[in-house]
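First the structure, in the form of structure tokens, and then the observations on it.
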Amino acid sequence: MDIAFKLVLLGATLILSHLIWNYFRSPLKSFPGPFSANLSNLWRLQDVFKGLCDITHNELHRRYRSAVCIGPNVLSLSDPALINQVYSTRDPWVKVSSERTQDPQHSDVYNVNDSVVSGVRIKNLFSHQDEQWHANQELEPGVDITINLFLESEYINYFTWDTMSQLSYSQSIGMLEAKNDRFGILEVSNRSLDYFASPKTLISSFLQVCQIPMLDLLLDKNPICRLGPPSFGWSVKFSAEQYQERFTEGKQSHNGIKDFLDRYIETKSKMPNIVDDNVAQMYLVLNIIAGSDTTARAISAAVYYEELRGANLSTPPQWKEIRSLPYLDAVMRETMLVHPGVGLLLERIVPKGGFTLPDGRFVPEGTIVGMNPWVINRNRTVFGPEPDSFKPERWLPAEGEHDEAYQTRFSKMKGTDLTFGAGPRACLGRYISQLESYKFVATLFTMFDVSFGCLQDLEHPDHEWEVTNSWFVRQKNIPVVIQKKKVLNCTPSVQWASTALMYMPQRESFSRALPPLHCGQKFQIGTSKLQHD
Ligand code: HEM
């Protein structure tokens, strides 16, 4: 036998022994699931590669019921009754990503949220204020500034990025004004998500390391030479510049509007032992990274659903008007319910002592458990029949339904909807995102007639959008025709936009095939290479 063959044989034996060892050691053998999931995390890796976890997780739960083993130490749960336990506020279970690095230059910048200093959870200092700002409508003028910029420019896909920057520093990134992605931010954002999941290229496929943390240590957290993914360094730099400027110039935010930066500086001066410059800047960076693409996804999904045309909104849409529009609220809730922005498990580590499922099965401590919003949001018991269909009416009182029964049903749905997560590590920006997306969608549908389909697609009535689950669930190829409403009470800047075509990102062939625009505008949603054209 030649030496090479012996080495291959040795390697194969080692791998096989490792898999067998994993299988017998796995505390989750008794839980159903794909057989190879008990052997290694490769099953999860290939599942994420396909970008279809929202579908496969639902299929697995339909087949294997409420607890499915998807890795030697990973259990996917689908019973909404467990939300309060897994994402408990009183005695929080540790979030898996919190075990990783705290370096803001790197992709995993969420970890500071678990830090507790002098008995105070740092995140609470920020998220509590979020709700207050929302209630006081203090953020609204900042959103209005970017909506006006959007109406003057041609691009929807930059809206959420510029808005988050505006709300954070009273300074937009400048994409809407420049009509291009000045720093290549969208590309970086996409590639970073691909680090978590995307089958598009061999390299990015290889980099889907969130399913195998060892690889993460070799690539993102490599102490000798960091190999990937692209970092959010631009955001850290931008944030540091704005922070520095505010201190150097000693001025309040521009336009006299109190922004996040003002608030964080205020919080820092009130609690200097808890909030330092690094923490304040970390939250500014988080705003942009966690808040831009996610909200863009919600807006894109809302536009996809034609039913919005029935909303019949007033102009111009201010929050106090919008909040009293039950149909818009129902549409936005439904959009995020059937198309939640995050599509993998929200992972937590089972604490000491383990826990017992309602059916009596025991889950040992140290197990990674989690729920996928795409699975929970499709629970028929809570959300009713046809969980895959877009039915805003499920959020409204049904015919003949008593108010009390409706309120109970509504609260149950609201409390189960996992779009923004749950418990102490739930989304910090849900109120901002709500303000931003409701206002944007209201503006769009007040000023334009929006219809699904485009000239070419009339020949392809079965056209479907493309959805990729890369942690954030990205959509593309949504052809939408936008036409200025005949009677329009809006700013002069949009009056000339008589016909507009809006379509989803990365549809290069589609863009090449566009018919000539008359006196129209080309809108884009989401991230797109087209912006470089
Ligand atoms: C439609 C829009 C959004 C969706 C669907 C969304 C979804 C989520 C989800 C599901 C989580 C929880 C992850 C987990 O439990 O593991 C989360 C966390 C987070 N989100 Fe959002 N988000 C959105 C918008 C925003 C915005 C606008 C901001 C910033 C202003 C933001 C900032 C954050 C932060 C900082 C966290 C981490 C919280 C923590 O780990 O403690 N998000 N988001």
Side-chain angles (χ1 to χ4, degrees), residues 83 86-89 92-100 102 104 108-116 121-131 133-134 139 142-143 146 159-161 163-169 196 210 232 235 259-260 263-264 279 282-302 332-333 335-349 368-377 417-441 471-475 526:
I83 290 178
V86 174
Y87 305 102
S88 162
T89 309
W93 294 13
V94 173
K95 183 160 163 170
V96 170
S97 63
S98 298
E99 294 187 317
R100 301 183 194 154
Q102 300 219 359
D108 192 352
V109 291
Y110 286 75
N111 311 320
V112 74
N113 294 316
D114 255 350
S115 315
V116 177
R121 181 176 291 268
I122 291 184
K123 179 186 168 186
N124 292 349
L125 296 174
F126 297 93
S127 53
H128 172 65
Q129 289 183 355
D130 265 354
E131 288 176 45
W133 300 345
H134 189 53
L139 292 165
V143 179
T146 342
F159 170 73
T160 52
W161 293 89
T163 304
M164 280 319 302
S165 174
Q166 182 69 41
L167 295 177
S168 301
Y169 320 102
F196 293 102
C210 79
F232 283 106
S235 175
D259 55 22
F260 283 100
R263 310 281 171 162
Y264 293 174
V279 169
M282 171 74 81
Y283 274 92
L284 290 164
V285 171
L286 272 183
N287 284 344
I288 310 283
I289 296 174
S292 304
D293 216 12
T294 41
T295 306
R297 305 291 123 223
I299 289 173
S300 304
M332 294 309 290
R333 281 184 192 281
T335 301
M336 290 187 246
L337 182 79
V338 297
H339 195 95
V342 170
L344 297 180
L345 296 192
L346 308 181
E347 296 176 351
R348 299 293 184 271
I349 300 173
I368 293 173
V369 294
M371 301 182 182
N372 185 332
W374 281 76
V375 172
I376 297 296
N377 287 8
D417 185 343
L418 207 60
T419 301
F420 291 97
R425 296 296 300 269
C427 180
L428 191 145
R430 74 175 296 167
Y431 298 99
I432 298 166
S433 174
Q434 198 182 10
L435 177 73
E436 213 185 316
S437 55
Y438 280 44
K439 275 177 76 74
F440 184 85
V441 170
W471 175 238
F472 291 174
V473 184
R474 293 180 284 179
Q475 327 91 338

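These values consider heavy atoms only, across backbone and side chains, with no hydrogens, waters or symmetry-generated copies. None of the values given here were measured: they were computed from a predicted structure. Order of listing sets the numbers, starting from 1, for every ligand and every atom in it.
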Measuring from atom 27 (C) of ligand 1, which candidate in Gly291, Ser168, Gly341, Ala290 has the nearest non-hydrogen atom?
Gly291

At under 4.0 Å between heavy atoms, is it the side chain or the backbone of Lys95 that contacts ligand 1, or both, or neither?
side chain

Contact check: Arg425 vs ligand 1, nitrogen or oxygen atoms, below 3.5 angstrom:
yes

Is the shortest distance from a heavy atom of Pro340 to ligand 1 less than 4.0 Å?
no

Output the list of atoms in ligand 1 that are nearer than 4.0 Å to some heavy atom of Thr419, sorted by atom number.
5 (C), 7 (C), 10 (C)

Are Tyr283 and Leu428 close enough that some pair of their side-chain heavy atoms sits under 4.5 Å apart?
yes

Got an N/O contact under 3.5 Å between Arg430 and ligand 1?
no

Hey, is Thr295 touching ligand 1 through its side chain, its backbone, both or neither, going by heavy atoms under 4.0 Å?
both

Quick check: does Ser433 get an N/O under 3.5 Å from an N/O on ligand 1?
no

Determine whether the side chain, the backbone, both or neither of Ser292 has a heavy atom under 4.0 Å from any heavy atom of ligand 1.
neither

Residue-level breakdown please: for Met371 versus ligand 1, do any non-hydrogen atoms fall below 4.0 Å on the side chain, on the backbone, on both, or on neither?
neither

Report the part of Met164 (side chain from C-beta onward, or backbone N, CA, C, O) that has a heavy atom under 4.0 Å from ligand 1; answer both or neither where that applies.
side chain

Where does Thr294 meet ligand 1, judged by heavy-atom distances below 4.0 Å: at the side chain, the backbone, both, or neither?
both

